[in-house]
Each structure stands twice: as structure tokens, then as C-alpha cells.
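Each remark here refers to the structure printed beneath this line.
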Amino acid sequence: HVLGEEANFIADWQFTVSQTKRDAPDRREVKFNQPNANSAYRLEVPELTRRYDELTDDNLDLSTDLEYLFGSDGDLEQKLLFGLKGIERERDSDSVTYGFGGGRSDPDLDLAPNILVSDVINEQNITGDESTGYEFREKTLASDSYEADMSLYSAYVSYDVLIDGEFQVIAGVRYEDYKQTTDTFSLTEVIELPDGTLLPAPERSNIDEGIALPTINFNWFIRDDQQLRFAVSKTISRPDFKETSNATFYDQEFDFRVRGNPELETSEVLNFDIRWETYWSEQESLSVALFYKDLSDPIERVVLTASGTAGNSRTFVNSDSAELYGIEIDGRRDFNLNDAMTQNIFLAVNASWIESEATQLDGETRKLQGQPDYTFNFIVGWDDINTDQELTILFNQSGESIKDVGISGRDDIIEQPSLDIKLTYKWHFADEWTLKAKVENLLNSEVEFTQGGQTFLSYKEGLEGSVGVDWVF
């Protein structure tokens with residue numbers, strides 16, 4: 001909305017109500033074990049499970065943004081921006097797990113010569129009596145389900161002034177009032193009812209905070225085609241529902257359990273950035289940036305120190321602090337293939353070198369979990385204006401990064417660099433029709449994770465392609 005006699009007041013608003021559902025029925029876990037090369041396979045019956053998950057998210061999101069343009073005052077151009085935002089979110093996550101117990105009466109009852117579940121779990125062996133066979137059981141933990149709610153109310157104000165068309169200062173602050181609760185049950189503590197029944201004790205994760213997040217930006221327009229930017233800001237990183245609940249969810253890449261931590265705290269981040277930019281055209285540019293981040297209580301994923309099934313699990317913890325710094329280069333150049341300038345090839349690159357250090361609660365230091373040593377993206381593209389066709393090849397690679405932090409003497413799990421190439425094609429062959437095609441993972445490079453110098457997990461994702469037609473009417 002544009003208001004005022006001089007159209008110097010602009011207002012925008014939005015309102016969203018949504019609901020998201022997830023139903024994951026009958027997830028099955030099966031594990032066979034071969035004690036030695038000459039022995040028969042055995043079914044690990046205690047780890048044989050079937051799990052059913054349902055999740056519902058209800059969301060309410062509303063905001064308004066207001067902008068006031070001051071009248072021209074000589075060499076000053078000024079505007080004031082302010083706004084309000086509110087978010088309400090509720091989640092109900094339910095999980096049920098079934099499996100089998102017993103089988104201790106016969107040491108060979110779990111033999112699986114054909115490596116089939118039915119070798120062991122069949123009508124003959126399911127007797128319902130642990131002394132004679134297997135018994136069907138519900139293995140759901142009270143902590144497997146949880147309820148959570150979150151509210152975020154914020155207000156911001158920002159002042160933007162351009163001085164003599166050469167210097168620009170943008171200063172502002174956002175205040176956020178944030179509340180998040182996650183209700184589940186303890187893994188270890190119990191409560192006793194008057195009749196002597198023992199039940200898992202309720203456990204709540206509660207985050208209740210108000211915080212001011214200031215920011216200031218200074219821009220120097222050196223020439224029409226060149227500028228220097230400097231920015232300082234404070235941001236915050238908060239754990240989500242599943243990261244603060246005792247409930248488990250599954251890592252789809254490693255196929256293991258990840259359990260939240262009700263004791264997680266938010267992480268505050270102080271950001272510094274200086275960037276030089278030059279422009280050759282509307283699409284062609286080059287920028288070089290130096291950046292630094294100081295993090296308090298960074299949230300990291302770690303390997304659980306446990307045995308059995310729980311030993312192949314992960315959780316989240318707050319480290320003491322972390323910092324990272326680096327340099328980023330970003331640019332694009334176009335090359336015309338004919339005098340009419342209807343065909344061109346463009347080259348684009350985005351590359352970063354990053355150094356990070358996280359300090360643990362015991363004072364030990366290492367790289368920050370999830371932060372690669374470098375990132376590299378290179379794009380080669382071809383455009384034909386006459387035929388309205390586009391062809392793009394994207395090369396992407398990141399350096400080593402810690403996937404999961406090893407604690408209590410365990411080595412970190414490291415994701416190794418892997419080159420990925422993607423190819424996309426687009427042809428607007430009619431007024432309302434566009435053909436799109438995409439091929440991903442052209443090299444089918446091996447994805448490898450190592451621990452202590454040995455391969456922890458490796459796999460190939462395979463070639464993936466898609467073709468589609470868009471009709472816009």
C-alpha cells in the first residue's frame with residue numbers, strides 16, 4: 001500500500017495459516033550378524049523393529065513492514081523502516097515401535113542360513129512365551145513422542161541515509177521475544193504413583209528469552225561501477241523442536257538414530273564483513289569479501305558414548321565457543337558469440353576459504369562441526385535469445401568437514417571432499433510452454449566419511465535425471 005499525498009509512506013503486510021503433516025508408517029530395522037567368516041548368519045532379534053511415526057505442525061505467521069521516505073534535504077536521502085512480526089507454531093509428534101523378545105532358551109534359535117527374517121521370525125518360533133520362543137512386544141519408549149510449541153514476536157526499526165550520493169549508512173535493531181517448550185519424558189528418572197507404579201518422569205525443555213539484535217552497515221560508492229561495504233551485526237541460532245526433545249529421529253544418510261537434548265541453549269553470533277565490489281554490466285561483477293564470526297555456545301552434533309544400538313546414535317550439545325574467518329570471491333563474466341549478441345557464454349565462480357576453531361567445555365580445540373575448509377562453485381552457461389534456450393553446467397566441491405564430533409576419546413567422523421557436476425537445460429518453445437531437463441551427479445563420485453583415518457561409510461548416489469514441461473496460463 002502506498003499512502004500519503006507525496007506517496008512517501010509504504011506499508012506491506014502478510015498473514016499465513018498452514019498445517020503440515022508427516023506420516024511414516026512401518027519403518028523396519030533388520031540386522032544380521034556373522035560372528036566369523038565360516039559361521040552362519042544370525043538375526044539380531046533385539047534390534048528387529050517396526051516403527052510408525054506421525055507428526056503434525058500448525059503454523060500461524062503474520063507481519064507488517066512500514067517504510068517512510070523523508071523529503072529531499074539537499075545532499076541527504078533518508079528513509080525510516082520499521083515493522084512487527086509474530087509467529088506461533090505447535091507440533092504433535094507420535095511414535096510407536098514394535099519388536100520381539102525372548103529366544104534365550106535355544107542358542108541356535110536366531111540362526112538365519114538364508115539371511116531372511118522368516119528364517120527366525122515365523123509361526124513356529126513365535127510362541128508368546130520367552131521360555132520356548134519369541135514374544136511379540138511393544139518397544140515404544142515414553143520419550144519417543146513429544147509435544148512442542150513456539151512463539152516469536154519481534155519488532156525492528158532501521159534508519160537509512162545516503163549522503164551526497166557517495167556514502168550510505170544503515171543502522172537498525174531488532175528485538176525478539178522468543179519462547180519454546182518441548183515436553184517429553186526422561187530416559188532415566190521416574191516418578192512413583194500412590195499405588196507404587198513407576199512411570200517415566202516428565203521432562204521439559206524451556207527456552208524463554210528476549211534479545212536485541214543490532215546491525216550497522218556502511219557503504220562507500222567509490223565510483224558508479226565500484227563500491228566498498230562494511231557490516232557488523234549480531235544474530236542468533238536457536239535449536240529446533242527435535243533438537244531439544246528426548247525423542248529419536250533417523251538420519252537418512254547414515255540410517256541411525258539421532259536424539260535431541262533438552263538442555264540445549266541458544267547460540268549468539270557476532271558477524272563482521274567487509275566486501276569490495278565492481279560491476280562491468282548489470283549481470284557481470286566481481287566481489288572480494290573478508291569475514292569473521294564469533295559464536296558463543298555453538299550447537300554441534302556429537303557421537304553418543306553408549307554401547308549396543310544406542311552406540312550408533314547421535315545427539316546435540318553446546319560447545320563453549322567458536323570463531324571462524326575467511327575470504328570469499330564471487331564473480332561472473334559474459335562472452336558474446338555473435339555480433340548480434342543473441343548468443344553468449346557466461347562463466348561464474350563462487351569460492352571461499354574458511355578457517356574455524358571450536359573450543360569445547362574442557363578447553364580442547366578443533367574445527368567447528370559442519371564447517372568445511374573451503375567451498376568451490378563454478379558455472380558454465382550458454383544462452384540463445386533467438387531460440388530461448390539455456391544450458392548450464394555446475395561444478396561443486398567442498399573441503400573436509402566434521403560430520404559428527406567424537407567425544408570421550410572417539411575420533412571425529414569426517415566428510416571427505418567430493419566433486420559434483422550438474423547439468424540443466426531449459427527451452428521456452430511456445431508462449432505458455434517450457435521444457436526443462438536436469439541431470440545430477442554426472443560423475444557419480446564416491447561419497448566417503450572417515451573416522452580415525454579409516455573408512456566409516458562410503459556410497460555412490462547414482463545418476464539422477466528428470467524431464468518436465470511447464471505450462472503457464
Side-chain angles (χ1 to χ4, degrees), residues 12-20 22 55-66 81-93 143 145-158 170-186 202-217 231-247 249 258-272 293-301 315-324 358 361 368-370:
D12 291 315
W13 63 274
Q14 68 87 26
F15 176 79
T16 303
V17 178
S18 64
Q19 183 179 83
T20 304
R22 177 179 180 269
L55 182 146
T56 301
D57 270 350
D58 293 308
N59 303 280
L60 172 64
D61 187 338
L62 56 92
S63 66
T64 181
D65 297 288
L66 308 171
L81 300 94
F82 48 97
L84 302 170
K85 187 178 183 67
I87 300 174
E88 293 275 357
R89 182 169 300 142
E90 294 183 356
R91 172 174 293 180
D92 187 2
S93 177
S143 61
S145 298
Y146 66 94
E147 294 180 351
D149 61 80
M150 180 274 287
S151 66
L152 171 62
Y153 294 98
S154 63
Y156 76 89
V157 61
S158 175
I170 306 172
V173 63
R174 174 188 296 274
Y175 181 81
E176 295 186 350
D177 182 76
Y178 184 83
K179 294 180 175 63
Q180 177 178 303
T181 59
T182 308
D183 290 309
T184 182
F185 293 92
S186 173
E203 183 157 10
R204 165 171 284 193
S205 167
N206 186 51
I207 301 174
D208 187 348
E209 63 182 15
I211 188 171
L213 303 171
T215 179
I216 185 167
N217 296 266
V232 180
S233 65
K234 183 178 181 180
T235 57
I236 192 164
S237 175
R238 298 185 174 100
D240 62 22
F241 289 150
K242 64 184 181 181
E243 290 175 342
T244 57
S245 167
N246 270 334
F249 60 95
V258 182
R259 185 178 296 280
N261 176 7
E263 303 299 323
L264 279 183
E265 300 177 358
T266 59
S267 174
E268 297 181 11
V269 185
L270 190 60
N271 308 276
F272 297 87
K293 296 178 183 291
D294 189 339
L295 300 86
S296 64
D297 305 311
I299 299 171
E300 300 185 292
R301 201 171 82 165
T315 190
F316 303 93
V317 300
N318 289 106
S319 293
D320 181 70
S321 61
E323 61 179 3
L324 63 89
L361 296 178
L368 182 65
Q369 184 262 328

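The shortest distance between side-chain heavy atoms of S93 and S145 does not fall below 4.5 Å. The side-chain heavy atoms of K85 and L152, taken from C-beta on, include no pair separated by under 4.5 Å. Between V157 and L81, the closest side-chain pair of non-hydrogen atoms is not below 4.5 Å. Residues V258 and F316 have side chains in contact (heavy-atom distance under 4.5 Å, counting atoms from C-beta outward). Side chains of I207 and P239 form a contact here, defined as non-hydrogen atoms less than 4.5 Å apart. Residues T215 and K234 fail the side-chain proximity criterion, which asks for heavy atoms closer than 4.5 Å. At a threshold of 4.5 Å between non-hydrogen side-chain atoms, the residues D92 and L55 do not count as touching.
Under 3.5 Å, the side chains of Q14 and S63 contain a donor-acceptor pair of N or O atoms. No side-chain N or O of Q180 forms a donor-acceptor pair with one of D208 less than 3.5 Å apart. Counting only N and O atoms by type, the side chains of E203 and T184 include no donor and acceptor under 3.5 Å apart. In summary, the side chains of D65 and Y156 do present a donor paired with an acceptor at a separation below 3.5 Å, with no hydrogens or angles considered. Using modelled atom types and a 3.5 Å distance limit, the side chains of T181 and N206 yield no donor-acceptor pair. Donor-acceptor pairing under 3.5 Å is lacking for the side chains of T266 and D297. T182 and T244 share a donor-acceptor pair across their side chains, judged by distance under 3.5 Å alone.
Note on E323 versus K293: no salt bridge recorded, every NZ/NE/NH1/NH2 to OD/OE distance being 4.0 Å or above. With salt bridges taken as basic N to acidic carboxylate O contacts below 4.0 Å, none links E147 and R204. In this structure, E176 pairs ionically with R238, as a charged nitrogen and a carboxylate oxygen lie closer than 4.0 Å. Ionic pairing of D61 and R89 is not present here: no N-O contact between side-chain nitrogen and carboxylate oxygen is shorter than 4.0 angstrom.
The residue from D58, N59, D57 that alone fulfils the side chain to side chain contact (heavy atoms under 4.5 Å, CB included) condition with S18 is N59.
In this structure, the side chain of T64 engages the main chain of D12 through a donor-acceptor pair within 3.5 Å. A donor-acceptor contact shorter than 3.5 Å is absent between the side chain of N246 and the backbone of S143. Checked by atom type and distance alone, the side chain of D177 never pairs as donor or acceptor with a backbone atom of Y153 at under 3.5 Å. Formation of a donor-acceptor pair under 3.5 Å by the E300 side chain with backbone atoms of Q369 is found in this model.
For A358 against A322, the heavy-atom pair with the smallest separation is CA-CB, 3.9 Å. Smallest separation of non-hydrogen atoms from G260 and T315: O-OG1, 3.6 Å. A pairwise comparison of heavy atoms in P214 and A212 identifies CD-O, 3.4 Å as the closest pair. Taking all atoms of both residues into account, the shortest heavy-atom contact from A247 to Y146 is CB-CD2, 3.5 Å. Closest of all the heavy-atom pairs between A148 and F241 is CB-CD2, 3.4 Å. Across all non-hydrogen atoms, the minimal contact from V317 to N261 is CA-ND2, 4.2 Å.
Here CD1 of I211 is found 12.5 Å from OG of S154. Values are rounded to the nearest 0.5 Å. Of the inter-residue distances, the one linking L295 atom CG with I236 atom CD1 reads 11.5 Å to the nearest 0.5 angstrom. Going from atom CD1 of I87 over to atom CG of L60 covers 9.5 Å, rounded to the nearest 0.5 Å. Here CD of E90 is found 10.5 Å from OG of S151. Values are rounded to the nearest 0.5 Å. Here the CG atom belonging to D183 is positioned 9.0 Å from the OG atom belonging to S205, to the nearest 0.5 angstrom. In this structure, the separation between CZ on R174 and OG on S233 is 11.5 Å, given to the nearest 0.5 Å.
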- Message: Checking V173 against L213 for the side chain to side chain contact (heavy atoms under 4.5 Å, CB included) test, could you report, in this order, the C-alpha distance in whole Å, the side-chain angles of both residues, the deciding distance, and whether it holds?
- Response: CA-CA 6 Å; V173 63; L213 303 171; 5.8 Å; no
- Query: Can you check side-chain hydrogen bond (donor to acceptor under 3.5 Å, both in side chains) on N318 and S267, steps first, answer last?
  - Reply: CA-CA 8 Å; N318 289 106; S267 174; over 6 Å; no
